[in-house]
Amino acid sequence: MTDFIENSLNPVQVQAATTTEGPVLILAGAGSGKTRVLTYRMAHMITQGLASPHEILAVTFTNKAAREMKDRVIQLLSSFDIPLFNDLWISTFHSICVKILRSHIEYIGYNPQFTIYDDSDQLATIKKILRFMNINDKIYPAKSFKSKINQAKMLGLTPEEVSQNFSSLMDEQSLLVYSTYEQEMKKSNALDFNDLLLKTYQLFVSSPQVLKHYQDQFKYIMVDEYQDTNKIQYLIVKMLSQQHKNLCVVGDEDQSIYSWRGADISNILNFEKDFLKAQTFKLEQNYRSTKNIVSAASAIIQNNTQRKDKVLFSENNDGSLITVKEEMDEYEEAKYAIKEIENLHDQKGYNYKDCAIFYRTNAQSRVLEEQLRTKSIPYKLVGGMRFYDRLEIKDIISYLKVVLNPKDDNAIKRIINTPARGIGKTTVTKLEDLTQRENISLLEACMRATENKVVNSGTGKKLVNFYNLIQGVISESHVLTLSDLYKSILDKTQYVVKLKLENTSEAQNRIDNLEELNNALVQFENERGEDATLQNYLEEMSLVSDLDKVDQFADAVTLMTLHISKGLEFPNVFIVGLEEGLFPSFQSLDAADPEKMEEERRLAYVGMTRAEENLYLTYAKRRKIWGQEKQFLPSPFIKEIPDQYIDFKASFRRPSFFDKYASSKRSYSNDSIEFDAVPSYDEEQVYDPDADDGFRKGMRVKHPTFGVGAIFKVEGSGDTQKVSVMFNDKNTRKFVVKYARLEII
C-alpha cells in the first residue's frame, strides 16, 4: 500500500496521508486533491492494521462529499481485496450526531423516535410560544427570536448557561422565549437542526460513560472542511479526540465563507495552539484550474490578513485570460452571459452542464432565468424552493412524521384540517391552550377536549374522527411498507381526490408532485432494502442540503449563489454582479469591521477557483435596487487582479466615468476600440493622514456607494480617525477614514 500511495500522490500529499499519529493539520488549497488525500489516508490506516474501519471517524459537511469519500475508500480497499464487515463512519456532523442520539438520547430525557424540525417547523413553534406569552409578533418578530436561539445553540449554550454567563447574548424576554421553546420542543419530542449538535454535546457532558464509549471506539478522527466548523462542532471534536489524540483536520482558511451561520475561522487558524505538537502539511498545488485562473485568485486572496502563509500554484497550461465584461445594466449583463454560453455550446463544443453562473444573492437569478428561457436554454436553479418544501409534500410528510412521533404538535397542527375537515382555527387555539394547561400533546388534546366538552358535540365528533384516522395509520405502519403506507394515507385522507375536484392546473401540478414523492419512496425502498424504514427516510430527507440536490448529469446550465458553489467545479464559470455594494455586499463596506470584507474576498476566491478552463467576471454600471435604478462602481476585487491575467471587454462606447482615470496604466481593447482600466481607486482624492487638509465637520464628501453627504462629527486622528456622515438619503454612517474612500467635494 505504501508504494501505491507514493506512486499515486505528490510528495506533500504522501506525507499528509501517511502521518497518522497525533494532531495533524492539512492546509488544502482549492483544487489541491484533499479528498484524495483523506481517502488514501483512511485506506492506509486500514491496510496497515492501525485501525478497523469502524474505529475511524471521518466527518464532512455535505452528504455529497461523504458519499464520494465513502465510495472512494471502498474502491481502494476492494483493489487490495480487503472486504468491509463494518459500516464506515463517514458522514456529516449532523448525521453522525443523529446516529449517536438515536442510540443514547434517553439519557437526557428524550425518546429515540424524535422528530427533526426544519426552519419552518422551528418558526411555527416560536410563533405559538409568542401567542402563549402575549408577545406581538409584528413588534417582536419570531424570526428574530429564532436567530438568537440558533446563535446560542451554535455556541453550545443552554438557556441556563446564557442566563448565568452570557447574558449579553439575549435580553430577558428573548431568554424566556428560548427557555419556553426548549420546554415545548421536549414535550413534542422534537429536535431542531442545531439541537442535533447541542444535544449530542449535552449527552457527552452529562453521560461520561457514553462519551467514553465513543472515545474508545474512534482511534482516528478526521474532519474535512475544518474552516467551516462552529463552536459546538469544535467542542464535540475536541471531546471525542481526547482519548487517542489522533485528530486530523483538513481545510482552507481562504475558503471560510460561512460566518453568518456560525463558522469560526479561528478554529483552523488556532489549531496548532489548541492541539500542541500538531504537524502541518500544506497542499498548494492546484490540479483543477488553469495557471491564469489560479494566479488571479491567489492575487486577490493575498490581500487578506486572516490566513496562513501558503501560495496556490498550478502546473496546468496557462489557459485563456479571465474575461472581465462591463455592461450598462443587469439585462445587458444577462444577455452577454447567455450569449457567451451559446457560443461555448454551439462553437466550442461544450455541453450546457459545463457552464455555471454564480451570483451574490438569489434575487439576481430572475433576469438570468428570463434570458435563458428566451433562448430556450435548459437550466437548473440550485437553492430555490426545494421539492420537500412544497405545500403538498410538507402536508403528507407531516402525516408520516405523526406516524413516527405522535407528540409532534407542529405536524398535527398542519394536518388537523388538511384536507379540510371542518376543524377551524378557533378549535385549534382551544386545543393548544389545553396542551399548555394539562401538559399533553395536541393529538391527546383532541380526545381530552371532546371528553371534557371543551368543544361542541359536532366539532368533538370531527376531532374523534381525526384522532381515529391517525391511530389507524399508526397501526398500519407496523405491517405496511413505506410506499404502501404513503398510499394508504392518500387514500384515507382523500388528499388526491380533493385536489382532482379543484380541476385546476395548479392542483394537477400538486398531484404530479405527490406522484414524484411516491417514486422517491419506491426508489428509497429499492436502494435501502430492509433499512427502508420510515425513520430512516424522514431522517435522510431532513438532513439533505441544496448542494446534495444538484443533478450533475442533466445537460443544463447551473445557476446558484456563490455560497452554494463551494465544493463544485465547472469548465466554464460566470460570476455576475461584481459591483461594489452588491459583491462585496453593502454590509461588508463597514470599514469599522474589516473581517466582513475579508470574508467577501474569500467568497470571490471560492467562486473563481470553481472554474477549470474559462472564467468570466461581469458587472453593470446601473442596476435596479428595490425598483430604483442605482449607479455602481466595479467591485474592488476586479482591481486586485493583476493586468496580465485579464481581458477587459465592453460592448458600448467609452464609459464616461473612465475619463476621470485616463492616466491609468491599464489598457484593454474590445475589437478596435481601446478602453482604460477599471478605475484605480488609488488615484481618487481620498484622505491622507499626513496631509494638511484633513476631514472637518461640515465638509461635503462623496462615497462611491452611498453618494453625497456632509460630515457632522470627527473623532480621533491618524490611522484610527473616524467620521460620521449624514448622506442625502438622511441615513447616517460612520467610517474609519483610512479605509472609507471618501472624496472631498
Side-chain angles (χ1 to χ4, degrees), residues 12 25-34 225-228 250-260 263-271 280-316 318-319 321-322 324 358 360 561-570 573 575 577-578 580 582-585 588-589 593-612 615-617 619 634-646 678 681 739:
V12 181
L25 170 62
I26 302 175
L27 294 172
S32 61
K34 67 180 177 66
E225 304 286 7
Y226 191 65
Q227 77 281 347
D228 292 336
V250 185
D252 181 8
E253 77 286 357
D254 290 336
Q255 297 185 66
S256 179
I257 58 174
Y258 297 122
S259 68
W260 49 275
D264 187 351
I265 193 173
S266 67
N267 288 349
I268 191 168
L269 293 176
N270 296 332
F271 183 82
T280 301
F281 302 97
K282 298 178 183 179
L283 307 184
E284 298 172 293
Q285 182 173 354
N286 176 288
Y287 292 93
R288 176 188 300 148
S289 309
T290 63
K291 283 184 180 177
N292 283 331
I293 292 172
V294 170
S295 299
S298 296
I300 287 180
I301 202 62
Q302 284 170 16
N303 289 285
N304 272 8
T305 59
Q306 287 186 304
R307 64 189 304 267
K308 300 279 189 177
D309 181 24
K310 68 178 187 300
V311 179
L312 203 63
F313 69 92
S314 173
E315 293 183 358
N316 295 336
D318 290 345
L321 293 175
I322 296 166
V324 175
F358 303 153
R360 183 63 181 80
T561 64
L562 284 149
H563 281 99
I564 296 176
S565 73
K566 192 161 79 72
L568 301 176
E569 55 189 38
F570 299 88
V573 166
I575 304 179
L578 273 154
E580 187 172 89
L582 181 57
F583 187 33
S585 66
S588 67
L589 297 176
D593 189 1
E595 290 185 11
K596 290 182 179 178
M597 178 61 85
E598 293 214 354
E599 179 151 338
E600 290 288 296
R601 188 176 284 110
R602 292 194 291 268
L603 191 57
Y605 174 80
V606 166
M608 292 174 69
T609 53
R610 302 308 95 198
E612 298 172 328
L615 176 61
Y616 300 79
L617 309 177
Y619 64 92
S635 170
F637 301 147
I638 294 177
K639 179 185 177 293
E640 293 173 355
I641 303 175
D643 296 359
Q644 65 263 35
Y645 305 123
I646 286 182
V678 172
Y681 300 114
Y739 303 105

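Because the structure is predicted, anything quoted here is derived from the model rather than measured.
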For the student: nearest non-hydrogen atoms of Phe637 and Ala604, plus distance: CD1-CB, 3.8 Å
Starting at CD1 of Ile300, measure out to OG1 of Thr609 and round the result to the nearest 0.5 Å. 10.5 Å
Under the side chain to side chain contact (heavy atoms under 4.5 Å, CB included) rule, what do Asp309 and Lys282 come out as? Steps first, then yes or no, please. CA-CA 9 Å; Asp309 181 24; Lys282 298 178 183 179; 4.2 Å; yes
Strictly by modelled atom types, are Thr305 and Glu598 linked by a side-chain donor-acceptor pair under 3.5 Å? yes
Any side-chain heavy atom of Asp318 within less than 4.5 Å of one from Thr290? no
Regarding Ser266 and Asp264, is there a side-chain donor-to-acceptor distance under 3.5 Å anywhere? yes
Check Glu599 with Arg602, please: is the shortest side-chain N to carboxylate O separation under 4.0 Å? yes
According to the interplanar angle, ranging from 0 to 90°, do the rings of Phe271 and Tyr226 count as parallel (below 30°), tilted (30 to 60°) or perpendicular (above 60°)? perpendicular
How close do Pro634 and Tyr619 get, counting heavy atoms only, and between which atoms? CG-CE1, 3.5 Å
Would you name the heavy atoms of Ile322 and Ala296 that are closest together and state the gap between them? CD1-CB, 3.2 Å
With the side chain counted from C-beta on, respond yes when Leu25 and Ile268 share a heavy-atom pair under 4.5 Å apart, and no when they do not. yes
Flag the pair Pro584 / Arg601 as yes when at least one side-chain heavy-atom distance between them is below 4.5 Å, and no otherwise. no
Smallest separation among heavy atoms of Tyr258 and His563, with atom names: OH-O, 2.6 Å
Salt bridge or not between Lys566 and Asp228? Use side-chain N to carboxylate O under 4.0 Å. yes
Just by distance, no angles: are the side chains of Gln255 and Glu253 close enough, under 3.5 Å, to form a donor-acceptor pair? no
Asp254 CG to Leu312 CG distance, which is reported to the nearest 0.5 Å: 8.5 Å
Check whether any side-chain heavy atom of Gln285 sits under 4.5 Å from a side-chain heavy atom of Phe313, and report yes or no. yes
Measuring from Ser565:OG to Ile257:CD1, what's the distance to the nearest 0.5 Å? 6.5 Å
Less than 4.5 Å apart, any side-chain heavy atom of Gln302 and any of Val311? yes
Heavy atoms, side chains only, cut-off 4.5 Å: are Tyr605 and Asn304 in contact? no
Identify the residue among Glu569, Glu612, Glu315 that makes a salt bridge (Lys or Arg N to Asp or Glu O under 4.0 Å) with Arg288. Glu569
Do Ile575 and Met608 come close enough that some side-chain heavy atom pair is under 4.5 Å? yes
Side chains of Glu284 and Val12: closer than 4.5 Å at any heavy-atom pair? no
Measure the spacing between NZ of Lys308 and CG of Leu27 and express it to the nearest 0.5 Å. 6.5 Å
Determine yes or no for a side-chain-to-main-chain donor-acceptor pair under 3.5 angstrom, with Ser635 supplying the side chain and Phe583 the backbone. yes
Take Ile293 and Asn286 through the side chain to side chain contact (heavy atoms under 4.5 Å, CB included) test and state the conclusion after the steps. CA-CA 10 Å; Ile293 292 172; Asn286 176 288; over 6 Å; no
I need the Leu615 CG to Ser289 OG distance, nearest 0.5 Å. 8.5 Å
Which atom pair, heavy atoms only, marks the closest approach of Ala30 to Arg610? CB-NH2, 3.9 Å
Interatomic spacing from OG in Ser298 to NZ in Lys291 - rounded to 0.5 Å: 13.0 Å
Quick one: do Asp252 and Lys34 satisfy salt bridge (charged side-chain N to carboxylate O under 4.0 Å, His left out)? Show the steps, please. CA-CA 10 Å; Asp252 181 8; Lys34 67 180 177 66; over 6 Å; no
